**Student:** 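Before I ask anything, let me first share the structure, which is written out below as structure tokens.
Quantities reported herein were computed from a predicted structural model and do not represent experimental measurements.
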Amino acid sequence: MTDAVLSIVAGTYNRCDQVKRLVESVQRETKIPYILYITDAGSTDGTIEYLESVASDRVRPIFVGKLLGQARAYNDVFMQVDTPYVCWVSDDNEIVDNGLDKAVRILQANKKIGMVGLKVKDKEGPFVKAPYIGGVSPIGILNVNQGMLPTEVMRAVGGFSEEFRDYGIDPDLTAKVLFLGRDVVYTRDVTIHHYRNWAEDKESEDYKKLQAKHERFHELYKKNYAQYDAPSRTWRLKKRAWDWAKTRLSKRFDLSMNSSKPIFRNLPRDYYNTMMAKHIGMFDPLLTMNKDFHLRQRYRGRRPSIQLIGDPGNNS
């Protein structure tokens, strides 16, 4: 039996300096009782020795010893946690501004919310100028990069879809939670700094492998979900309204995606996501103005079958 409220799950492989920064940030920024699980895939760079040195009731290393793929590695832990809430982070993340505490409070106060997107800001790579990251999927869902859920919701959707293995598991999970009938929101404040090592050389092998994973993810994602969320008239009107706003208001306001200058207490990127994501109401910036969360997505369409909600890799 544990007093922990939150289980935090991360995976790592040969990134000792990065996982050390993650662990220290969780310890520094998280005041609620938690358990941090870190699965290691067989590191040889000192990670195992570091994790052994910090192991405790709160920090629990799991030495898997081989590469299972992110989805499988996370799922193996999700199925054994017994805390009310669970979140996933990456070994290249740093928790800031008591972000995990805030996310737990959001879930505790709003039972309809099934996932809190932990707002992420890149500190390295091509998107450092953006106030936060997060893209709208081809079918209009604002994806969550790192998130927190009630454990019962994580289990209801079957965790990550192992068919995706490493790339695309986060957008897929966002869609599953939304189609389950639970709301998905973003924290208003940045809660994670992201230090991923980006491969910017388009001729490099790493970049080409990333592009191949990206293409595979898009095909699987559309195969699983496009039929359940066809474009709507309201969505088309919202996107046209945004195009109109950019044309008519750009001389008065800076509407660029990377602008950090608020307009009526919201950033241009907030307005963009509101108008470009299918399931966010146009009045979300007003309705959530004084809340710790915003960009609330609600799905009111036809519910996919339980076979789709579960892991596609195990439903053959």
**Student:** Do other residues, nucleotides or ligands put more than 12 heavy atoms under 6.0 Å from the NZ atom of K239?
**Tutor:** yes
**Student:** Is atom NZ of K31 surrounded by more than 12 heavy atoms (other residues, nucleotides or ligands) closer than 6.0 Å?
**Tutor:** yes
**Student:** Between R60 (side chain only) and D57 (backbone N and O only), is there a donor and an acceptor less than 3.5 Å apart?
**Tutor:** yes
**Student:** Does F293 form a ring pair (Phe, Tyr, Trp, His ring centres under 6.0 Å) with Y186? I'd like the steps, not just the answer.
**Tutor:** CA-CA 5 Å; F293 63 87; Y186 264 54; over 10 Å; no
**Student:** Could you walk me through whether V9 and V89 pass the side chain to side chain contact (heavy atoms under 4.5 Å, CB included) check?
**Tutor:** CA-CA 6 Å; V9 186; V89 294; over 6 Å; no
**Student:** Do the side chain of D284 and the main chain of R296 share a donor and acceptor less than 3.5 angstrom apart?
**Tutor:** yes
**Student:** Restricting to non-hydrogen atoms, name the atom on G159 and the atom on L173 that form the minimum distance, rounded to 0.1 Å.
**Tutor:** O-CD1, 3.5 Å
**Student:** Just checking D17: does its CG atom have more than 12 heavy atoms from other residues, nucleotides or ligands closer to it than 6.0 angstrom?
**Tutor:** no
**Student:** Assess, by modelled atom type and distance only, whether the side chains of Y132 and D270 contain a donor and an acceptor separated by less than 3.5 Å.
**Tutor:** yes
**Student:** Is there a donor-acceptor pair under 3.5 Å between the side chain of Q297 and the backbone N or O of L142?
**Tutor:** yes
**Student:** Given the rule in the side chain to side chain donor-acceptor pair (under 3.5 Å) test, do S7 and Y37 qualify, once you have shown the distances and angles that lead to the verdict?
**Tutor:** CA-CA 7 Å; S7 293; Y37 296 92; 4.6 Å; no
**Student:** CE of M289: more than 12 outside heavy atoms within 6.0 angstrom?
**Tutor:** yes
**Student:** Got a donor-acceptor contact below 3.5 angstrom from the K121 side chain to the A130 backbone?
**Tutor:** yes
**Student:** Counting only N and O atoms by type, is there a donor-acceptor contact under 3.5 Å from the side chain of D189 to the main-chain atoms of D292?
**Tutor:** no
**Student:** Do you see a donor-acceptor pair shorter than 3.5 Å between the side chains of Y225 and D172?
**Tutor:** yes
**Student:** First locate atom CE of M275, then atom CH2 of W242, and finally report the distance between them rounded to the nearest 0.5 Å.
**Tutor:** 8.0 Å
**Student:** Ion pair present between D76 and R72, side-chain N to carboxylate O less than 4.0 angstrom?
**Tutor:** yes
**Student:** Between K176 and S161, do the side chains contain a donor N or O and an acceptor N or O under 3.5 Å apart?
**Tutor:** yes
**Student:** Are T12 and T39 close enough, and set up right, to give a side chain to side chain contact (heavy atoms under 4.5 Å, CB included), and what steps lead you there?
**Tutor:** CA-CA 6 Å; T12 193; T39 68; over 6 Å; no
**Student:** After noting the C-alpha distance and the side-chain angles of Y195 and Q18, does the key distance pass the side chain to side chain donor-acceptor pair (under 3.5 Å) rule?
**Tutor:** CA-CA 8 Å; Y195 292 88; Q18 290 177 321; over 6 Å; no
**Student:** Applying side chain to side chain contact (heavy atoms under 4.5 Å, CB included) to D243 and T247, what does each step give before you reach the verdict?
**Tutor:** CA-CA 6 Å; D243 289 339; T247 302; 5.5 Å; no
**Student:** Please assess M282 against Y271 for the test side chain to side chain contact (heavy atoms under 4.5 Å, CB included), listing each intermediate value before the final yes or no.
**Tutor:** CA-CA 9 Å; M282 288 182 64; Y271 291 115; over 6 Å; no
**Student:** List the steps and the verdict of salt bridge (charged side-chain N to carboxylate O under 4.0 Å, His left out) for K102 and D97.
**Tutor:** CA-CA 9 Å; K102 292 178 181 179; D97 198 26; 2.8 Å; yes
**Student:** Are the side chain of T83 and the backbone N or O of A4 linked by a donor-acceptor pair below 3.5 Å?
**Tutor:** no
**Student:** Where does the angle between the aromatic ring planes of F78 and F160 fall among parallel (under 30°), tilted (30 to 60°) and perpendicular (over 60°)?
**Tutor:** tilted
**Student:** Check for a donor-acceptor pair, side chain of R298 on one end and backbone N or O of R182 on the other, with a separation under 3.5 Å.
**Tutor:** no
**Student:** Do V59 and I32 sit in one hydrophobic cluster, given that two such residues count as connected whenever their side-chain heavy atoms are within less than 4.5 Å of each other, even indirectly?
**Tutor:** yes
**Student:** Can you check whether F264 reaches L286 side chain to side chain, under 4.5 Å on heavy atoms?
**Tutor:** no
**Student:** Short question: side chain of K129, backbone of M257 - any donor-acceptor pair under 3.5 Å?
**Tutor:** no
**Student:** Using a 3.5 Å distance criterion without hydrogens, assess whether the side chain of K238 forms a donor-acceptor pair with backbone atoms of I280.
**Tutor:** yes
**Student:** Between K246 and S256, is there a donor-acceptor pair closer than 3.5 Å when you use the side chain of the first and the backbone of the second?
**Tutor:** no
**Student:** Is there a donor in the side chain of D45 and an acceptor in the side chain of T47, or the other way round, less than 3.5 Å apart?
**Tutor:** yes
